[in-house]
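Step one of this worksheet: look at the structure below.
Counting starts at 1 for both ligands and their atoms, following the listed order.
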Amino acid sequence: MEHLISGLRAAGEPTRLRLLNLLSKTELTVSDLTHILGQSQPRVSRHLKLLTEAGLVTRFREGAWVFYKLVPPARHDEVDHAGQTTPVLAPRALAWSLVQLMPQNDITVLRDLDRLEAVKQKRAATAAAYFARNAEQWGRIRSLYITEAEVESAMLDLLGSDKFGTLLDIGTGTGRVLQVMSEHFEEGVGVDLSHEMLGVARANLESAGQTNAYVRFADLYALPFENASVDLVTIHHVLHFLEEPAMALQEAARVLRPGGRIMIVDFAPHDVEFLRDEHAHRRLGFDDQEVTGWLNDCGLEVQAPRHLIPTKTTADSEQKLTVTLWLGQQKAPVQRQRSLETAS
Ligand SMILES: C[S@@+](CC[C@H](N)C(=O)[O-])C[C@H]1O[C@@H](n2cnc3c(N)ncnc32)[C@H](O)[C@@H]1O
């Protein structure tokens, strides 16, 4: 009762209901919300503080910006057999129930959604401009190996029909893995240290209408997640940038639940030097023994790696790269626990 009443008190005001509705659609900063609502920044901040304190809204910092979003809905494994939520989950259930009751054809709500669309379009344009600036050099690297579609299909094939509670994509970049794997997890999060990349990933998830995944600014050497809180970790074309790949894998294994898996996708050893000189690759690929050794050191069992070998035609002037997929698994069975959002 107490949790419900304090949640209802916090939500029971027109601007705060509008905020809940907007924050159920996407993650927004105070400045976005000030623009959409047409109210002063101190006022909007005060409303957000009340909603956050009542557990209806969550906030996270990314560099100089603070983002707000609706708390995640209660997952099926967090609700007990009688369909009851615990006191901790009550605000989450309340927040989403209120949003469902919002009249989406109300004139004020419609205007909010129109302005929200404009904010999203501006974001998408910034992300697209960044992407366009880098597309050429990324395209050159991609032309060196088999198509991304073939790599992605091999990744899906390796996981089979398994479904995962939580997926963590490390060094998510444009968030592509979150999109490709979307059918395979209940909740996905991508982490990256580049604000521009995170901007592109957010815009991509938004334009795909994908609501089961989000991205966060975080260093892969110090993941902001609890031990044993993730079912599947993916590390796609990231290890070759790192000074300490083995340390990155130790950190990934730390957050893995018993029975959870780590999938690494990266190049086999090669000598395409321009990747080091012009694209900051620290390592020119990895051999199976090295990666398997690192995964074994993390306590994981490793399946036979899969090699995706490109066909080199005589017209190709550049050496082609082999992409390898490594899959490691913790020994014990998966046990579902808390969501990533509540663990962070
Ligand atoms: C080549 S991109 C790969 C992106 C994505 N995984 C994909 O394959 O499309 C490598 C990504 O790793 C990120 N990265 C590099 N070092 C990182 C670190 N220490 N913590 C988090 N992300 C990092 C970069 O910002 C970049 O977005």
Relative to ligand 1, is Thr172 under 4.0 angstrom through side chain, backbone, both or neither, heavy atoms considered?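 Backbone only.
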For [Y], is there any backbone N or O sitting under 3.5 Å from a side-chain donor or acceptor partner on [X]?
X	Y	result
Asp266	Leu239	yes
Asn21	Val109	no
Trp96	Val71	yes
Thr174	Val200	no

Taking only heavy atoms of [X], which atoms of ligand 1 are found under 4.0 Å from at least one of them?
X	result
His236	3 (C), 5 (C), 6 (N), 7 (C), 8 (O)
Met197	27 (O)
Asp219	18 (C), 19 (N), 20 (N)
Phe241	1 (C), 10 (C)
His237	1 (C), 2 (S), 3 (C), 8 (O), 10 (C)
Ser194	25 (O)
Gly173	4 (C), 27 (O)
Ala218	20 (N), 21 (C)

If the contact criterion is a heavy-atom separation under 4.0 Å, does Val177 count as touching ligand 1?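 The answer is no, since Val177 has no heavy atom less than 4.0 Å from ligand 1.
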Tell me, please: is Gly175 in heavy-atom contact with ligand 1, that is, under 4.0 Å?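 Distance cut 4.0 Å: Gly175 fails for ligand 1.
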Could you please spell out the steps behind the side chain to side chain donor-acceptor pair (under 3.5 Å) verdict for Glu206 and Asn204? CA-CA 5 Å; Glu206 249 163 30; Asn204 286 345; over 6 Å; no
Taking Asp32 as the fixed residue, which of Arg123, Lys25, Lys69, Arg202 is the one that meets the salt bridge (charged side-chain N to carboxylate O under 4.0 Å, His left out) rule?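 Only match with Asp32 under salt bridge (charged side-chain N to carboxylate O under 4.0 Å, His left out): Arg123.
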Heavy atoms of the protein only: does one fall short of 4.0 Å from atom 15 (C) of ligand 1?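 Within 4.0 Å of atom 15 (C) of ligand 1, no protein heavy atoms are found.
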Identify, with sequence neighbours excluded, every residue that meets salt bridge (Lys or Arg N to Asp or Glu O under 4.0 Å) alongside Arg254.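 With sequence neighbours excluded, Arg254 shows a salt bridge (Lys or Arg N to Asp or Glu O under 4.0 Å) to Glu251, given in chain and number order.
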Does Gln104, at its CD atom, have more than 12 non-hydrogen atoms belonging to other residues, nucleotides or ligands within less than 6.0 Å?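 Yes, the 6.0 Å shell around CD holds more than 12 heavy atoms from other groups.
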What do you reckon, is CG of Leu101 surrounded by more than 12 foreign heavy atoms closer than 6.0 Å?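 Result for CG/Leu101: enclosed.
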Considering only the protein, which heavy-atom contact is closest to [atom], and what is its distance?
atom	answer
atom 4 (C) of ligand 1	Gly171 O, 3.3 Å
atom 17 (C) of ligand 1	Leu220 CD2, 3.7 Å
atom 22 (N) of ligand 1	Leu193 N, 3.4 Å

Can you list everything that forms a side chain to side chain contact (heavy atoms under 4.5 Å, CB included) with His270? Sequence neighbours excluded, please.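 With sequence neighbours excluded, His270 shows a side chain to side chain contact (heavy atoms under 4.5 Å, CB included) to Phe267, Val272, Leu275, Leu284, Gln319, Leu321, given in chain and number order.
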So between Ile235, Leu239, Val180, Asp192, whose heavy atom ends up nearest atom 27 (O) of ligand 1?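 Considering heavy atoms of Ile235, Leu239, Val180, Asp192, the nearest to atom 27 (O) of ligand 1 sits in Asp192.
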